Amino acid sequence: MAGSGSLCHLRRFLILISFLAGFVSLPSEAAVKQYQFDIQVKNVSRLCHAKPVVTVNGMYPGPTIYAREGDRVLINVTNHAQYNMSIHWHGLKQYRNGWADGPAYITQCPIQTGNSYAYDFNVTGQRGTLWWHAHISWLRATVYGAIVIMPKEGTPFPFPQPHMEANILLGEWWNTDVETLVKQGNVLGLPPNMSDAHTINGKPGPLFPCSEKHTYALEVEQGKTYLLRIINAALNDELFFAIAGHSMTVVEIDAVYVKPLTTQAILIAPGQTTNVLVRADQAPGRYFMATRTFMDVPIPVDNKTATAIFQYKGVPNTVIPTLPQLPAPNDTVFALNYNKKLRSLNIPQFPADVPLKVDRKLFYIIGLGANPCPTCLNGTRLTASLNNISFVMPQIALLQAHYFDITGVFRTDFPDKPPTPFNYTGAPLTANLRTAQGTRVSKIAFNSTVELVLQDTNLLTVESHPFHLHGYNFFVVGTGIGNFDPAKDPAKYNLVDPPERNTVGVPTGGWTAIRFRADNPGVWFMHCHLELHTGWGLKTAFVVEDGPGPEYSVLPPPEDLPPC
Ligand SMILES: *[C@@H]1O[C@H](CO)[C@@H](O)[C@H](O)[C@H]1NC(C)=O
Ligand SMILES: *[C@@H]1O[C@H](CO)[C@@H](O)[C@H](O)[C@H]1NC(C)=O
Ligand SMILES: *[C@@H]1O[C@H](CO)[C@@H](O)[C@H](O)[C@H]1NC(C)=O
Ligand SMILES: *[C@@H]1O[C@H](CO)[C@@H](O)[C@H](O)[C@H]1NC(C)=O
Ligand SMILES: *[C@@H]1O[C@H](CO)[C@@H](O)[C@H](O)[C@H]1NC(C)=O
Ligand SMILES: *[C@@H]1O[C@H](CO)[C@@H](O)[C@H](O)[C@H]1NC(C)=O
Ligand SMILES: *[C@@H]1O[C@H](CO)[C@@H](O)[C@H](O)[C@H]1NC(C)=O
Ligand SMILES: *[C@@H]1O[C@H](CO)[C@@H](O)[C@H](O)[C@H]1NC(C)=O
Ligand SMILES: *[C@@H]1O[C@H](CO)[C@@H](O)[C@H](O)[C@H]1NC(C)=O
Ligand SMILES: *[C@@H]1O[C@H](CO)[C@@H](O)[C@H](O)[C@H]1NC(C)=O
Ligand SMILES: *[C@@H]1O[C@H](CO)[C@@H](O)[C@H](O)[C@H]1NC(C)=O
């Protein structure tokens, strides 16, 4: 918070000076923001356990990327660790520039030990909070950080200017080595052990042992308003977040402004970001900020509460903070209502350009399953699929194969509909849980409009799944419980001010409809942002064809693109 807050103050100070001195223009800011990311292993201690973790520049969580809308950002990633690495700039659209998107084996091969790759991209038409994270195996458990994009110079926020701002990164901590856990899970064919704690800015807070030193505190002044940039960087848990005694006003989600929504708690899925305004309007004291999992089916999860402190200036640390009332872990009603209330701001300056006509309709069902595995503990390996296909990772990046016309890497016959329709959310289905395997993707015509309905199913179990699409924002035009009804449900769509985002939850036993215009050529990953399910194959990609002429086509790859 010191960083961004003082930056804000400095800027305001400069504006004041320029005004007083009668300067016509402000000191111009660098249009290129450069960062060096050294991937290093460092010992980190939490919950009375020390272990080596993969970090960026020795920091956990990693450094914040600051940029302004319109900037070019150059991040040189040098890998000093023993693991393959790649980094995704989650939510950045990367127009024609999938080479800088980051998912391993989708848009690039990994940066191998001892090598470097400079991610080079422009921040165009976006402002707000996004984040970055490792996009290979489960390394994002510790390799993640915030991206803060300030609006263009002279463009204020479309809400009251906060006194200061702070990043709040929610995460998960394991006492054991995460890569070892994943390997063990794969050998057994079962989910790896759940996390040992949730964290706020890398710290679990005082409800955990040995956490006195590992508690994040945000100092506030009474009467002032703060902008919290909240990011869910957890691997597998949708989270509630609340501050004791204080309401929050949501003003932005996934770097898109929304109509102000005042609430006691927010729900945030892995991959999502939420900006809230909080006014320090209570009696000076110490108040807990707290986060805990939302899970509305009987699947075991890490249900422990991480806390941090919203601390009024001058109040001694001996004051015991109060806990906020978080929604119950299984509060489906809160979750559905909260999401229903989110609406795009949709003002002339920031319009919601919802596609009204649809060129291509896609209907993908989400399934969990089990495939035979003689060496696994139960003789089966848990798996996950879209339209009954568990995605198999290729050995050459899909974007490379697409750009250079390398055949045999992927097929473009991903079905637009489930192969065998059934009652998706009827009686639980526990027999014939097999899935088909393949590296299959959908080809999408340039600039066509796409509607995708994601339907949860009762295969093995219903469950809520946060889906993330790379290279695009989309509009969440509709959602519901039960089976999507193509005859009735579209009439209920919100085509005026639906939330625009890059990650959306498909509710437990329900469906979500999204729309986007495929105007960004390239290969774009789409996957469940629960790392457990991504690893089980709950993913695919869209190959969006080039448009007319070179200015609507994928850019040539950079020279330092990591080879396979
Ligand atoms: C981490 O700590 C362990 C045991 O305390 C030690 O053996 C190891 O050298 C340390 N590793 C690093 C990278 O500091
Ligand atoms: C990235 O860093 C490495 C290691 O310091 C250096 O060799 C390389 O030239 C840098 N690349 C760029 C584009 O700055
Ligand atoms: C970024 O913008 C500059 C200036 O318009 C352009 O020359 C460059 O090609 C762009 N880079 C990418 C990766 O799109
Ligand atoms: C997972 O948890 C079980 C039970 O607590 C433990 O025996 C096992 O060692 C753990 N696995 C790893 C890789 O830490
Ligand atoms: C939290 O999870 C543990 C392990 O799955 C379970 O035993 C416990 O009952 C759960 N607690 C609550 C309050 O749900
Ligand atoms: C939520 O969990 C509580 C405590 O385990 C339980 O009593 C209640 O019935 C559950 N509510 C729903 C709607 O499942
Ligand atoms: C193995 O499969 C059985 C039957 O589906 C299930 O009841 C059991 O929980 C599984 N074992 C483990 C360790 O998951
Ligand atoms: C699907 O299953 C549900 C629950 O069993 C049932 O209420 C519904 O009528 C079924 N729908 C169809 C089309 O069979
Ligand atoms: C999925 O594919 C597998 C393998 O081809 C098949 O056995 C299974 O019946 C299919 N399941 C569904 C729900 O279509
Ligand atoms: C994409 O389609 C929109 C709507 O028809 C149109 O305004 C725009 O010019 C098209 N873009 C390109 C590059 O063809
Ligand atoms: C690292 O990436 C390279 C290139 O894709 C691959 O050949 C190698 O097997 C990977 N190493 C590990 C440990 O996964």
Side-chain angles (χ1 to χ4, degrees), residues 30-34 39 41 54 67-77 79 81-87 89 92-126 134-139 177 179-180 182-183 186 240 292-301 303 326-337 393-401 403 406 409 461-464 471 481 507-509 519-522 535 550-564:
V32 183
K33 302 279 159 67
Q34 294 198 48
I39 307 297
V41 174
V54 186
R68 188 175 282 284
E69 182 179 344
D71 281 350
R72 176 180 171 198
V73 180
L74 257 175
I75 304 155
N76 186 19
V77 178
N79 188 1
Q82 72 271 36
Y83 303 103
N84 279 342
M85 180 53 67
S86 79
I87 297 197
W89 317 93
L92 279 158
K93 290 184 191 169
Q94 307 287 11
Y95 184 59
R96 301 164 55 211
N97 188 30
W99 309 112
D101 191 40
Y105 301 108
I106 304 297
T107 59
Q108 67 166 94
C109 285
I111 308 164
Q112 297 181 46
T113 307
N115 292 359
S116 295
Y117 177 45
Y119 291 89
D120 180 356
F121 54 86
N122 294 322
V123 179
T124 309
Q126 293 183 277
H135 211 306
I136 182 161
S137 190
W138 282 35
L139 290 172
D177 177 62
E179 290 303 289
T180 308
V182 175
K183 277 197 199 111
N186 285 339
F240 292 119
R292 183 176 64 192
T293 301
F294 163 59
M295 169 52 82
D296 59 355
V297 282
I299 292 175
V301 283
N303 54 19
L326 286 163
N330 58 359
D331 197 340
T332 309
V333 173
F334 179 95
L336 295 176
N337 282 342
M393 288 304 263
Q395 283 174 353
I396 294 173
L398 300 183
L399 182 58
Q400 243 171 311
Y403 187 85
I406 306 169
V409 177
T461 174
V462 287
E463 187 177 350
S464 159
I481 299 301
T508 302
D519 56 3
N520 188 8
E551 70 270 43
Y552 297 110
S553 300
V554 175
L555 289 166
E559 273 171 25
D560 59 346
L561 185 74
C564 284

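Hydrogens, waters and symmetry mates play no part in the numbers below; they use all other heavy atoms, side chains included. Source: prediction; values computed, not measured. Counting starts at 1 for both ligands and their atoms, following the listed order.
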>> Between Leu139 and Tyr83, is there a side-chain heavy-atom distance shorter than 4.5 Å?
In response: yes
>> Donor-acceptor check, side chain of Glu179 to backbone of Trp138, threshold 3.5 angstrom: yes or no?
In response: yes
>> Any heavy atom of Tyr105 closer to ligand 11 than 4.0 angstrom?
In response: yes
>> Please report the interatomic distance CG(Asn97) to CG(Asn122), rounded to the nearest 0.5 Å.
In response: 7.5 Å
> Do protein heavy atoms approach atom 14 (O) of ligand 3 to less than 4.0 Å?
Replying inline: yes
> When rounded to the nearest 0.5 angstrom, what distance separates OH in Tyr105 from CG in Leu399?
Replying inline: 15.0 Å
> Counting from 1, what ligand 3 atoms have a heavy atom of Asn97 closer than 4.0 Å?
Replying inline: 13 (C)
> What part of Leu555, side chain from CB on, backbone N/CA/C/O, both or neither, has a heavy atom under 4.0 Å from ligand 3?
Replying inline: side chain
> For Ile75 and Phe121, what are the C-alpha separation, side-chain angles and deciding distance, and is it a side chain to side chain contact (heavy atoms under 4.5 Å, CB included)?
Replying inline: CA-CA 9 Å; Ile75 304 155; Phe121 54 86; 4.0 Å; yes
> What atoms of ligand 3 come closer than 4.0 angstrom to any heavy atom of Asp120?
Replying inline: 13 (C)
> What is the nearest protein non-hydrogen atom to atom 10 (C) of ligand 11, stated with its residue, atom name and distance?
Replying inline: Asn84 ND2, 2.4 Å
> Hey, which atoms in ligand 11 end up nearer than 4.0 Å to a heavy atom of Pro110?
Replying inline: 2 (O), 5 (O)
>> Under 3.5 Å between any N/O of Asn122 and any N/O of ligand 3: does that happen in this structure?
In response: yes
> What protein heavy atom is closest to atom 3 (C) of ligand 11, reported as residue, atom name and distance in Å?
Replying inline: Gln112 NE2, 3.4 Å
> Can you tell me which residue and heavy atom of the protein come closest to atom 8 (C) of ligand 6, and the distance to 0.1 Å?
Replying inline: Asn330 ND2, 3.8 Å
> Are a donor atom and an acceptor atom from the side chains of Thr332 and Asp296 found within less than 3.5 Å of each other?
Replying inline: yes
> About how many Å separate CD1 of Ile136 and CE of Met85, when rounded to the nearest 0.5 Å?
Replying inline: 7.5 Å
> Hey, is atom 5 (O) of ligand 3 under 4.0 Å from any protein heavy atom?
Replying inline: no
> Counting heavy atoms not belonging to Glu551, are there more than 12 under 6.0 Å from its CD?
Replying inline: yes
